[in-house]
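A short worksheet on the structure shown next.
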Amino acid sequence: MPIAKEKLTLTRPDDWHIHLRDDAALAETVCSAARNFARAIIMPNLRPPVLNADDAAAYKARILEHIPAGSQFEPLMTLYLTDNTTPEMIREAKARGDVKALKLYPAGATTHSDSGVTDIRHIEKSLETMAEVGLPLLVHAEVTDSDIDIFDREKVFIDRYLKDITLSHPNLKVVMEHITTADAVEFVKSSHDKVAATITAHHLLYNRNDMLVGGIRPHYYCLPILKRNIHQQALLEAATSGNPKFFLGTDSAPHGVDAKETSCGCAGCYTAPAALELYAEAFESMNALDKLEGFASHFGPDFYDLPRNQTSVTLIKEEWQLPESIPLGDNQVVPLRAGETLNWRLQLQD
Ligand SMILES: NC(=O)N[C@@H](CC(=O)O)C(=O)O
Ligand SMILES: [Zn+2]
Ligand SMILES: [Zn+2]
């Protein structure tokens, strides 16, 4: 008699942080996001960035063209906060409805962040308006000062800026994106209840040894950079704790293979092709598969004041192999875990 396969059925999850890129890349990125998720918060770091409601509506329309037949995938748009964002731009974005949040990139902190904020004081009016109209602030929380070590940049950003922002704007919802340290976990836990964080699958599964021991692995290089194992452990504990302040955001961020496998490679891991499977593996390693649904499917919509999804997905315990590379426009992208075998597999819908 065949032994029944281990299965896990969850409310269909959402991704609260993803990079879909644009144009020819959308055929791949939208499809892989829609495979896992009902909705996703779409990062605005295009070139040029998504600055206002018109840009967001146009980008959303380009995304919608690539949604696979039968999928209900809904892109939730964001604006890229700059020194020049005005209260009027924020009010208009809220009124038109596509935009669900604004993203703060300190200038120069990460991929395509050169239009980012140069001084937090420049966005004071924007933060007030966002709190007033109810649009969350999403933060890439790293300082960019050349004298601050890359492994300390998240902690220094919390101490220098994030504490003040959250205290001086008690009505502003703040998501600390893709957290990587025990310091961030502590900060989010001890802040007021409008402060939350997303956690990626790769920061749950890996630490800096995985990227650096035995050779440099460029496909593990992302920002904020993987930290030491005690931080990975703190993230695993936070994600599996059932605390609703921590929810899923893949930060899936594809780059063409030549931009990664080179002497000065781009930051970003392409995890969308196996996103839920990778999270399931991380939660299983903590014996906490029962906590995956809250993290992946409930706490995000609750924080954003959106309804939880009505449909479900099923993961089965079954080996399968990720491809070595995947076409991305006229280029190729190497997904995280390329060519390797995964133990969980998302069951495809009939
Ligand atoms: N995470 C990354 O390493 N890269 C992201 C940008 C970001 O989220 O910081 C990208 O757009 O490539
Ligand atoms: Zn970022
Ligand atoms: Zn990102």
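Model, not experiment: these values are computed from the prediction. In each ligand, atom 1 is the first atom listed, and ligand 1 is the first ligand listed.
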C222 neighbourhood, listing ligand 1 atoms whose heavy-atom distance to it stays under 4.0 Å: 3 (O)
Distance under 6.0 Å and angle within 45° of ring axis: R208 vs F151: yes
H17: numbered ligand 1 atoms lying under 4.0 Å from its heavy atoms: 8 (O)
Per-residue contact class, R21 against ligand 1 - non-hydrogen pairs under 4.0 Å: side chain
Any donor-acceptor N or O pair under 3.5 Å, side chains E28, Y270: yes
Ring centers of Y304, W16 separated by less than 6.0 Å: yes
Heavy atom of the protein closest to atom 7 (C) of ligand 1 (residue, atom name, distance): T110 OG1, 3.4 Å
Close N or O approach (G268, ligand 1; < 3.5 Å): yes
Contact atoms of ligand 1, heavy-atom distance to N45 under 4.0 Å: 6 (C), 10 (C), 11 (O)
NE2 (H19) - the Zn ion (ligand 3) - NE2 (H17) angle, nearest 10°: 110°
For T111, atoms of ligand 1 separated by under 4.0 Å from a heavy atom: 4 (N), 10 (C), 11 (O), 12 (O)
Distance-only N or O hit between ligand 1 and Y105, under 3.5 Å: no
Atom name of the N, O or S atom in H178 that lies nearest to the Zn ion (ligand 2): NE2
Which N, O or S atom of D251 lies nearest to the Zn ion (ligand 3), by name: OD1
Ring center gap for H203 and H231 short of 6.0 angstrom: no
Which residue and heavy atom of the protein sit nearest atom 1 (N) of ligand 1, plus the separation: D251 OD2, 2.7 Å
L223 N/O under 3.5 Å from ligand 1 N/O: yes
Whether H140 has an N, O or S atom under 2.8 Å from the Zn ion (ligand 2): yes
Per-atom contacts of ligand 1 with A253, taking only distances under 4.0 Å to non-hydrogen atoms: 5 (C), 10 (C), 12 (O)
Q332 atom CD: more than 12 heavy-atom contacts under 6.0 Å: yes
Distance-only side-chain donor-acceptor flag, E261 / H219, under 3.5 Å: yes
Location of contacts on H178 toward ligand 1, heavy atoms closer than 4.0 Å: side chain
Closest candidate by heavy atom, reference atom 8 (O) of ligand 1, pool M43, H19, H140: H19
Heavy-atom side-chain proximity of E277 to L315 below 4.5 angstrom: yes
Residue and atom name of the nearest protein heavy atom (relative to atom 4 (N) of ligand 1), distance in Å to one decimal: A267 O, 3.1 Å
Test item: side-chain donor near acceptor, E293 and T11, under 3.5 Å: yes
T250 and Y279: side chain donor to acceptor below 3.5 Å: no
Quiz item: cation-pi between K245 and F299, 6.0 Å / 45°: no
Same apolar cluster: I41 and I63, side chain cutoff 4.5 Å: no
Which segment of E177 sits under 4.0 Å of ligand 1 when only heavy atoms are counted: neither
Neighbour count >12 (heavy atoms, 6.0 Å) for atom CD1, I230: yes
